[in-house]
Protein chains: 2
Amino acid sequence: MSRPRAQRRKKEPGDSPTMADLAKLAGVSAITVSRALRDSPLVNPETRAQIKALAERQGYMFNISARNLRLRRSMTVAVVVEMTPTIERQMSGPYPLDLLGGISQELTSSGYAVLLTSLQGGALPSVQAADGVILLGQGAHEDAMHQVRRWGRPMVVWGAVSRHESQVVVGSDNQRGGALAAERFMALGRRQPVFLGDAAHGEFAERLEGYGRALAGHGLSPLTPPVHGLTVSAGAAAVHALLDNQPQFDALFAASDLLAIGAIRALIERGRRVPEDVSVIGYDDTPLGATYLPPLSSVHQNFTDAGVLLARKILALIEGRPAQSEILPTNLVVRVT
Amino acid sequence: MSRPRAQRRKKEPGDSPTMADLAKLAGVSAITVSRALRDSPLVNPETRAQIKALAERQGYMFNISARNLRLRRSMTVAVVVEMTPTIERQMSGPYPLDLLGGISQELTSSGYAVLLTSLQGGALPSVQAADGVILLGQGAHEDAMHQVRRWGRPMVVWGAVSRHESQVVVGSDNQRGGALAAERFMALGRRQPVFLGDAAHGEFAERLEGYGRALAGHGLSPLTPPVHGLTVSAGAAAVHALLDNQPQFDALFAASDLLAIGAIRALIERGRRVPEDVSVIGYDDTPLGATYLPPLSSVHQNFTDAGVLLARKILALIEGRPAQSEILPTNLVVRVT
DNA sequence: CTGAAAGCGCTAACAA
DNA sequence: TTGTTAGCGCTTTCAG
């Protein structure tokens with residue numbers, strides 16, 4: 001009947017064969033090939049082995065698009081990252097990469113592909129198509145969150161848990177991190193602690209909260225000089241200003257290693273000894289801090305684990321299982337400062 | 001005639017509409033919707049505007065899988081990264097993320113999706129499906145290269161250009177970077193230079209080559225003590241050993257900032273002053289080096305640009321255009337050391 | 001400028 | 001255990 005119309009591109013000999021091709025070669029039907037390649041128990045083990053061998057021999061390549069179209073899903077999770085490294089708020093250090101590593105590892109082994117995007121330019125269609133979305137980056141993702149929610153896509157966010165009640169958020173235990181710093185200072189007998197970091201930043205606010213609460217238990221409350229930015233120089237500038245105004249302090253907890261290093265630099269420039277005169281603790285336990293002279297004590301978090309957790313949460317949501325926000329433990333790595 | 005068989009899943013009202021749905025609503029055919037949404041000049045501007053408005057209003061979501069199936073391409077580029085952070089060869093620092101940023105930016109704006117993978121576990125199908133592959137990571141990708149080549153997929157590699165003649169490689173000008181370090185030492189009047197780095201590493205070998213050649217122009221040749229690893233402590237250990245055996249040197253060029261920092265630490269521990277007794281230059285210009293005390297001079301390379309270039313090359317190959325290996329400029333950032 | 005027909009490669013349902 | 005049928009949503013012919 002219907003005469004076959006012109007094909008757009010004749011199947012070239014070099015092309016990878018389709019399941020139908022394999023089926024013909026194996027003398028079975030396409031669906032059997034499909035089942036065999038997916039290790040379905042519905043197919044005879046021998047048949048399966050033969051088909052798999054044949055596929056291998058023929059250089060068969062599975063067509064993901066066809067499956068996704070058929071299944072009405074993309075088997076893809078989009079990871080939205082703030083990648084434009086604004087000078088003042090760079091997503092730098094090993095942190096994002098470790099996070100990505102954990103995510104990718106977990107998702108890949110569950111058969112999902114990881115789509116990396118910054119949600120700028122023409123990224124939208126592929127993010128829309130994703131079965132789920134993971135939001136990384138230091139906040140500023142309010143807009144992205146609304147966008148994704150409007151699409152009705154499952155979503156998991158990395159960041160400050162307390163700030164997004166309605167979202168599934170994975171974050172490290174910033175409050176506990178702050179408390180650890182405070183406890184350390186108390187153990188060292190320090191009595192005039194500083195917190196260095198802009199609390200407008202959600203995670204920083206949590207760190208300050210834990211720090212302040214723990215100090216309050218000892219009848220103390222921290223100085224919180226204004227800090228503008230996240231860089232080494234921002235930290236140095238803030239401490240210089242602080243030394244001008246309120247030079248009486250003997251301990252300093254910075255919301256990031258970068259700020260901590262800036263602080264140390266300023267302190268040394270002004271003739272304060274670290275750690276004799278001022279104890280300093282940073283956050284993130286970056287190689288930068290660890291290799292600094294003096295080596296910086298810092299609150300550590302395991303980003304690879306965090307990535308794995310983010311991945312598990314999004315998988316749960318995609319599969320219709322429930323998922324709650326979760327807080328990862330933090331611990332203090334004591335070095336010299 | 002053919003009675004419609006049971007649909008697997010009835011089109012739910014909540015589902016995003018298809019082009020066919022839009023077509024019905026707009027009183028046109030599906031193909032017209034397709035053309036309108038793609039800004040085809042074949043469609044009447046008014047019609048197009050109406051259709052686009054309708055799509056927006058209806059919350060239409062483009063089905064990428066369907067298009068890809070039809071087009072027989074995936075509009076995807078796989079980026080294979082070495083993400084398992086082995087202690088000794090971590091892909092750390094901002095470097096890979098900047099590279100990824102450049103890649104993602106360029107590819108996304110060309111309508112391609114960026115698939116992040118480490119080529120372990122179940123990643124193969126989606127990498128196979130990609131229209132092109134970008135290989136990052138510090139070498140050790142020989143196997144991955146062969147794999148991808150066997151699939152006949154276009155491929156671009158980041159790394160040492162001189163090492164892979166048959167591949168399209170983008171790398172920074174490691175030889176020039178080494179030469180810059182040598183020239184700086186000569187300008188400072190140094191006469192006994194060291195190179196710190198394991199030349200088994202392709203990029204390191206190039207750096208040593210440029211360094212050695214430039215020194216040879218002044219009748220000098222560098223000491224090349226054995227180095228085992230890429231970490232701070234590897235650098236420190238190597239320099240300690242060097243000080244035991246051949247303590248006569250006044251300049252040290254390290255193949256990475258990490259090694260350089262280890263070197264500085266060892267030098268200071270052994271009572272050498274930096275930079276008075278020994279000048280040190282690192283490589284990569286990481287924040288780690290920039291904020292060290294003393295701040296580390298280092299060879300800088302622009303990784304975002306490199307990422308963009310990698311993306312352009314792979315796009316060229318995918319579209320059948322030619323592409324050559326290319327070397328990016330490097331420059332020396334002089335700080336205190 | 002618009003449309004009708006066909007099919008990309010795969011897999012859920014149903015039937016044998 | 002295997003096969004038949006149909007169709008996922010899109011876009012390229014080719015014909016108006």
Side-chain angles (χ1 to χ4, degrees), chain A residues 1-12 15-24 26-51 55 58 60-75 111 125 128-129, chain B residues 1-12 15-24 26-51 55 58 60-75 111 125 128-129:
Chain A
M1 316 250 18
S2 54
R3 61 248 132 89
R5 286 308 179 83
Q7 264 101 306
R8 200 173 52 80
R9 177 147 82 82
K10 229 0 206 216
K11 189 170 293 177
E12 322 240 351
D15 284 5
S16 159
T18 69
M19 286 189 180
D21 297 332
L22 296 181
K24 208 164 295 172
V28 298
S29 73
I31 186 67
T32 299
V33 174
S34 171
R35 294 203 255 248
L37 295 181
R38 278 178 296 151
D39 290 318
S40 160
L42 288 179
V43 74
N44 182 313
E46 286 182 27
T47 320
R48 180 198 311 169
Q50 284 173 15
I51 293 176
Q58 298 286 321
Y60 169 74
M61 288 181 180
F62 183 75
N63 186 320
I64 296 185
S65 295
R67 180 201 53 185
N68 290 349
L69 176 58
R70 180 65 240 243
L71 262 34
R72 296 154 145 275
R73 10 190 346 201
S74 66
M75 295 303 283
Q128 277 186 333
Chain B
M1 314 86 281
S2 54
R3 62 246 130 94
R5 286 307 179 81
Q7 263 102 306
R8 200 174 51 81
R9 174 147 83 83
K10 233 351 209 218
K11 189 169 294 177
E12 322 239 350
D15 283 5
S16 157
T18 69
M19 286 189 180
D21 297 332
L22 295 181
K24 209 163 294 170
V28 298
S29 72
I31 185 62
T32 299
V33 174
S34 171
R35 294 203 256 248
L37 294 181
R38 278 178 298 150
D39 290 319
S40 160
L42 287 179
V43 72
N44 182 313
E46 286 181 27
T47 319
R48 179 199 311 170
Q50 284 172 16
I51 293 177
Q58 298 286 322
Y60 170 73
M61 287 181 182
F62 183 75
N63 187 319
I64 296 185
S65 294
R67 179 201 53 187
N68 290 350
L69 176 57
R70 180 64 240 241
L71 260 36
R72 297 153 143 273
R73 11 188 348 200
S74 66
M75 295 303 283
Q128 277 186 335

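Here is the naming used below: chain letters follow the sequence lines, and residue numbers restart at 1 for every chain.
Residue B:Arg67 contributes atom CZ, which lies 19 Å from atom P of C:dC8 at whole-angstrom precision. If you measure from atom CZ of A:Arg70 to atom C1' of C:dC8, you get 14 Å, rounded to the nearest angstrom. Rounded to whole Å, the distance from CG on A:Leu37 to C1' on C:dG9 is 13 Å.
For the side-chain contact (heavy atoms from CB on, under 4.5 Å) test, residues two or more places apart in sequence or in another chain that qualify with A:Ile31 are A:Ser29, A:Ser34, A:Arg35.
Side-chain atoms of A:Arg72 and base atoms of D:dG7 include no donor and acceptor less than 3.5 Å apart.
For the OP1/OP2 pair of D:dT2 and a distance below 4.0 Å, the side-chain nitrogens and oxygens of A:Thr47 include at least one atom meeting the criterion. Residue A:Ser34 places at least one side-chain N or O closer than 4.0 Å to OP1 or OP2 of C:dT11. Under 4.0 angstrom from either OP1 or OP2 of C:dG9 there lies no side-chain N or O belonging to A:Thr18.
Once rounded to the nearest 0.5 Å, the distance linking CG of B:Leu69 with CD1 of B:Ile64 reads 13.5 Å. The OG1 atom of A:Thr18 sits 11.0 Å away from atom CD of A:Gln58, with the distance rounded to the nearest 0.5 Å.
Each of B:Asn63 and B:Arg38 was matched to the nucleotide of DNA chain D holding its nearest heavy atom; the match closer to the 5' end belongs to B:Asn63. Comparing A:Leu69 and B:Asn44 by the nucleotide of DNA chain C whose heavy atom lies nearest to each, the residue mapping closer to the 5' end is B:Asn44.
When each of D:dT1, D:dG3, C:dG7 is scored by its nearest atom to the side-chain atoms of A:Ile31, the top-ranked nucleotide is D:dG3. Listed nucleotides D:dT12, C:dT2, D:dT2 differ in distance to B:Leu71; the shortest reach to its side chain belongs to D:dT12. When distances run from any side-chain atom of A:Thr32 to the nucleotides D:dG9, D:dT2, C:dC10, the shortest one goes to D:dT2.
Nearest heavy-atom pair across B:Phe62 and A:Gln128 is N-OE1, 4.4 Å.
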